[in-house]
Structures are given as structure tokens and as C-alpha cells.
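First the proteins, then the strands, lettered A, B, ... as listed; each starts at 1.
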Protein chains: 2
Amino acid sequence: MVAESTQERAPLSKERVLQAAVDLADEAGIEALTMRGLADRLGVEAMSLYYHVANKEAMLDGVVDMIVTEISEAADEAAPPSGGADWKTTMRNRILAAREVLLRHKWAPAVMETRTSVGPATLRYYDDLLRVFREGEFSYDLAHHAMHALGSRALGFTQELFDPADQETGDEDMEAEMAAMAEELPHLVEMLMEISHEGAETTLGWCDDQTEFEFGLDLLLDGLERLREPA
Amino acid sequence: MVAESTQERAPLSKERVLQAAVDLADEAGIEALTMRGLADRLGVEAMSLYYHVANKEAMLDGVVDMIVTEISEAADEAAPPSGGADWKTTMRNRILAAREVLLRHKWAPAVMETRTSVGPATLRYYDDLLRVFREGEFSYDLAHHAMHALGSRALGFTQELFDPADQETGDEDMEAEMAAMAEELPHLVEMLMEISHEGAETTLGWCDDQTEFEFGLDLLLDGLERLREPA
DNA sequence: ACCTGAACACCGTTCAAGT
DNA sequence: ACCTGAACACCGTTCAAGT
């Protein structure tokens with residue numbers, strides 16, 4: 001009696017492969033997303049995947065397309081184009097919604113950065129952003145600059161200064177380490193001390209990501225608004 | 001007679017290993033930077049590298065540190081802190097110099113994004129940026145927001161909309177393809193047509209990277225300037 | 001049409017051993 | 001102190017073959 005036969009299992013499809021890939025990365029991290037690991041999760045041999053995707057790169061392209069589709073849907077739900085709100089509110093809410101999606105798929109930005117071509121979902125998302133600008137009476141020229149200026153933030157990419165788990169030192173010698181750092185990095189240390197005194201956290205994990213994201217986004221959107229209607 | 005002996009060859013060192021790694025990536029691309037390939041270039045067995053670096057990740061950490069050191073030096077040469085110029089000019093010229101360095105090491109941003117901890121060179125570079133803000137009479141709070149808002153742009157990262165070689169279609173059916181795209185991506189297509197009519201290039205490789213980089217950078221710096229001196 | 005088995009070329013890395 | 005050889009576990013991928 002064979003344990004798993006083709007009949008007992010839903011047949012593979014490109015969609016099932018890509019969905020499984022997203023789930024695997026969500027649950028076990030991007031380094032777990034190998035062709036062999038993905039096949040395992042689908043109860044199939046590694047080589048079977050090659051019937052549905054050309055190779056690993058094509059698989060990753062598909063995965064990114066799924067994520068961007070999710071971003072697009074979230075953005076449309078939060079603030080559809082032609083939804084009645086002004087361009088800045090619409091753009092702001094769309095991009096904040098995009099960020100929320102990426103918080104659910106923390107591995108995704110790194111994969112997106114490795115893509116060398118733009119998939120259909122991304123093109124569609126950009127087209128929608130452009131539409132919002134146009135409905136806000138931007139010229140195509142300014143809208144074009146705006147897209148570059150937003151950069152990966154348009155897709156919800158967060159800009160972290162120091163990466164999440166940067167704590168390699170025990171809590172004990174925090175004082176001593178600070179003193180040593182203070183000589184070489186005086187401004188960084190002073191900033192740290194000042195901000196930690198007034199705020200919540202005392203360690204290096206002090207930045208409120210949501211606040212910083214909105215600060216940077218608003219800085220750009222406000223600047224664009226001024227360029228749109230010169231003085 | 002043995003071809004290559006330890007005596008005939010300069011002995012390895014961490015610095016030589018890292019420099020060779022940078023050179024290899026420059027010449028052959030990041031995918032050529034394997035432990036075995038790196039050893040080859042140094043005329044040594046792969047395992048010898050492990051005497052000088054803990055593992056591949058540590059090697060990449062070191063490589064990033066070298067690049068950021070190069071960025072720091074270029075920034076200092078272009079516009080040293082306390083160099084006499086106002087904060088905005090100094091910051092602008094430093095970041096433009098950083099970008100020039102990354103143009104010489106196109107593979108570097110992708111590697112930098114994969115680092116999970118911040119090296120000494122990066123800390124020093126950030127400390128210097130902070131110093132420039134402070135000399136421009138920013139509060140630490142605003143300077144902190146500013147660093148997040150600049151994000152990876154502070155290190156000279158370019159924000160490309162579509163990646164370099166996105167031309168997978170022959171030149172012939174450009175017209176036909178445009179027509180097909182126009183239905184699904186009306187704004188993108190219209191923008192393309194408008195910009196290509198007035199400008200230089202006619203294809204998808206139309207964006208002047210330098211211009212777009214400066215546009216986004218100035219948008220941020222101008223916005224920060226306004227926040228620094230409220231009305 | 002869909003999936004598999006065996007095999008290949010290539011990784012990073014270990015460990016014990018050489019000089 | 002510095003480097004090596006052999007070996008291991010793991011990749012992505014090919015190709016011819018099975019149902």
C-alpha cells in the first residue's frame with residue numbers, strides 16, 4: 001500500500017505551488033524556501049515542481065507577484081482610486097495598507113529587491129498609483145518624479161536604520177559599552193540617550209516603526225503637494 | 001617542482017581576503033562571489049579562507065564594511081562635516097558622493113540589505129551624518145526622524161522603478177505591445193508616451209537616474225529644512 | 001498531461017591532518 | 001600560525017523514463 005499517490009492528493013498547479021511557497025516562507029523563513037523543501041510541503045518530489053514553474057527564479061517571480069497582488073487588494077480596500085478622498089489621503093492610506101501587508105510577509109522585501117524584471121501585478125499597482133496622482137491633477141512629469149521619490153516606500157517598504165535583532169550584548173555591561181562607544185560615536189550615543197530618556201524603550205530597539213514610516217511618507221507627500229501647486 | 005607554494009605567494013590576511021572579495025564581485029558579479037571562487041582568485045584552497053573569516057556571512061559583513069568605509073571617505077572628501085558649508089549643501093554633497101561609490105559597486109546594495117547587524121563603518125557613517133544635522137542645529141529628535149526618512153538613500157541607494165535590463169521584447173513589435181498594454185495599464189502607457197516624446201530615450205530605459213535621485217533627495221532635504229525652522 | 005529516480009555540478013562547512 | 005584533503009549535507013537542475 002503506497003502512502004501518498006497522485007490520486008489521494010489534489011493535483012499541483014502553478015497557483016498551488018506559489019501559494020505553498022508564500023506559506024512556507026511565512027512559517028519557516030525565506031531560507032526554508034528551497035525547491036526541495038517546497039516539494040516536501042506539497043507531498044511531491046522536487047522535480048515535479050519543474051512542470052509548473054520553469055525554475056526557482058520563475059517561482060520567486062510568481063511569489064512576488066502574489067504578494068504585490070495582495071498589496072494591491074489591500075490598497076484598494078483601504079482607499080480605492082476615485083474613492084472620493086483627495087489624492088494625498090488616498091495615496092497615504094494606500095501606502096500604509098501596503099506596509100501592513102509587508103508586515104505579514106517580512107521576508108518579501110528582500111525577495112522583491114532581487115527581482116530583475118517587473119511582473120504584471122507590480123505594473124498594475126504602479127498604474128493605480130499613477131491614476132491617483134493624475135486624479136490629483138499631477139502632470140505626468142511630476143507624477144513620474146513622485147514615483148521615483150517614493151521609491152520602494154510606494155510598495156510599503158520600511159526603512160530601518162538598524163535591523164531588528166541587533167542586540168548581541170548582554171544587558172549587564174550596557175553602561176560600559178555605552179561609555180566605550182561614546183568616544184567613537186558621540187552623536188549616536190547622545191541621540192540614543194536623549195531619546196531613551198524621554199521615551200519608552202531603553203535599548204536599541206527604540207524606534208517606533210509606524211511613526212517613522214509615516215514621518216518619511218508625509219515628508220514626501222507634503223513636498224509633492226507643494227510642487228503640484230507652485231506658490 | 002610545485003607551482004604555487006606558500007612562500008611564493010603573499011600570505012593571506014583578513015584584509016586581503018575582503019579586498020579580493022570586493023574585486024571579484026566588481027569584476028564578475030555577486031553570484032561569482034563564492035568561497036570557492038574567492039579562494040581560486042587568491043590562489044588558495046577554499047578551506048584556507050576559514051582561517052581568516054568565520055564563515056561566508058562574516059565575509060560578507062566585512063565586504064559591506066569595506067564599501068561603507070569607501071563611502072565614508074568619498075563623503076568626507078566631497079563635503080567634510082564642519083567644512084564651512086551649510087548643513088543642506090554638506091548633506092547633499094555627501095549623499096551624492098555616496099551614490100557615486102555605489103555606482104562603482106552595483107552589487108553592493110543587495111548585499112547590504114541582507115546584513116542583519118550593523119558594522120563599525122556604518123555606525124561611524126551614521127554618526128557623521130548626525131553630526132552634520134547637529135551642526136545645522138537640528139534637535140536630536142528631528143535628526144533621528146530625518147535619518148529614517150532618508151533611509152537607504154543616506155548611503156546612496158538609488159530607487160529604480162523598473163530594473164535596468166527590462167527589455168525582453170524585440171524592437172519590432174513595440175507598437176503592438178504598447179497597444180496591448182494600453183488597455184490594462186492606461187496611465188503607465190500614457191506617461192511613457194508623453195515623456196518619451198519630449199525627452200531623449202524612446203524605450204523603457206528612459207529615466208535619468210541622477211536627476212531622479214536628486215529630485216527625491218531634495219524633496220526630503222527641503223522638507224527637513226522647513227521642519228527645522230517652523231514658519 | 002503530470003510526476004518521478006537517478007545523476008550531475010555546484011554549494012558552504014567539519015574535522016583531522018599536514019608544514 | 002597558517003594552510004590543505006577528504007568528506008558531508010545540502011543545493012538547483014538535466015534527462016530519460018514512468019503512469
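The distance between atom CZ of A/Arg36 and atom C1' of C/dG5, rounded to the nearest whole Å, is 12 Å. Between the CE atom of B/Met35 and the P atom of C/dT14 there is a distance of 10 Å, rounded to whole Å. Residue A/Leu38 contributes atom CG, which lies 16 Å from atom C1' of D/dC10 at whole-angstrom precision.
The shortest non-hydrogen separation linking B/Tyr125 to B/Ala154 is OH-O, 2.7 Å.
Of the residues in residues 17-27 of chain B, none lies under 4.0 Å from DNA chain D by heavy-atom distance. Near DNA chain D, meaning a heavy atom under 4.0 Å away, the residues from residues 47-63 of chain B are B/Met47, B/Ser48, B/Tyr51, B/His52.
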Secondary structure of DNA chain C in dot-bracket form (Watson-Crick or G-U wobble, distances below 3.5 Å, | marking inter-strand pairs): ||.|||||...|||||.||
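Ranking D/dC3, C/dT4, D/dT4 by closeness to the A/Glu45 side chain, first place goes to C/dT4.
A salt bridge does not link B/Arg104 with B/Asp26: none of the charged nitrogens is closer than 4.0 Å to a carboxylate oxygen. Look at B/Arg94 and B/Asp76 and you find a salt bridge, because one of the NZ, NE, NH1 or NH2 atoms lies within 4.0 Å of a carboxylate O, short of that distance.
Judged by distance alone, the side chains of B/Gln159 and A/Arg153 never bring a donor and an acceptor atom under 3.5 Å apart.
Taking A/Glu45 as the reference, nothing meets the side-chain hydrogen bond (donor to acceptor under 3.5 Å, both in side chains) condition, with sequence neighbours excluded. In this structure A/Gln19 satisfies the side-chain contact (heavy atoms from CB on, under 4.5 Å) test together with A/Val22, A/Asp23, A/Met66, sequence neighbours excluded. Remark: B/Phe157 engages B/Leu102, B/Pro109, B/Met112, B/Glu113, B/Ser152, B/Leu155 in a side-chain contact (heavy atoms from CB on, under 4.5 Å) (not counting sequence neighbours).
Within 6.0 Å of CD on A/Glu184 lie no more than 12 heavy atoms contributed by other residues, nucleotides or ligands. Counting non-hydrogen atoms of other residues, nucleotides and ligands closer than 6.0 Å to CD of B/Glu183 gives a total of 12 or fewer.
At a threshold of 4.5 Å between non-hydrogen side-chain atoms, the residues B/His144 and B/His148 count as touching.
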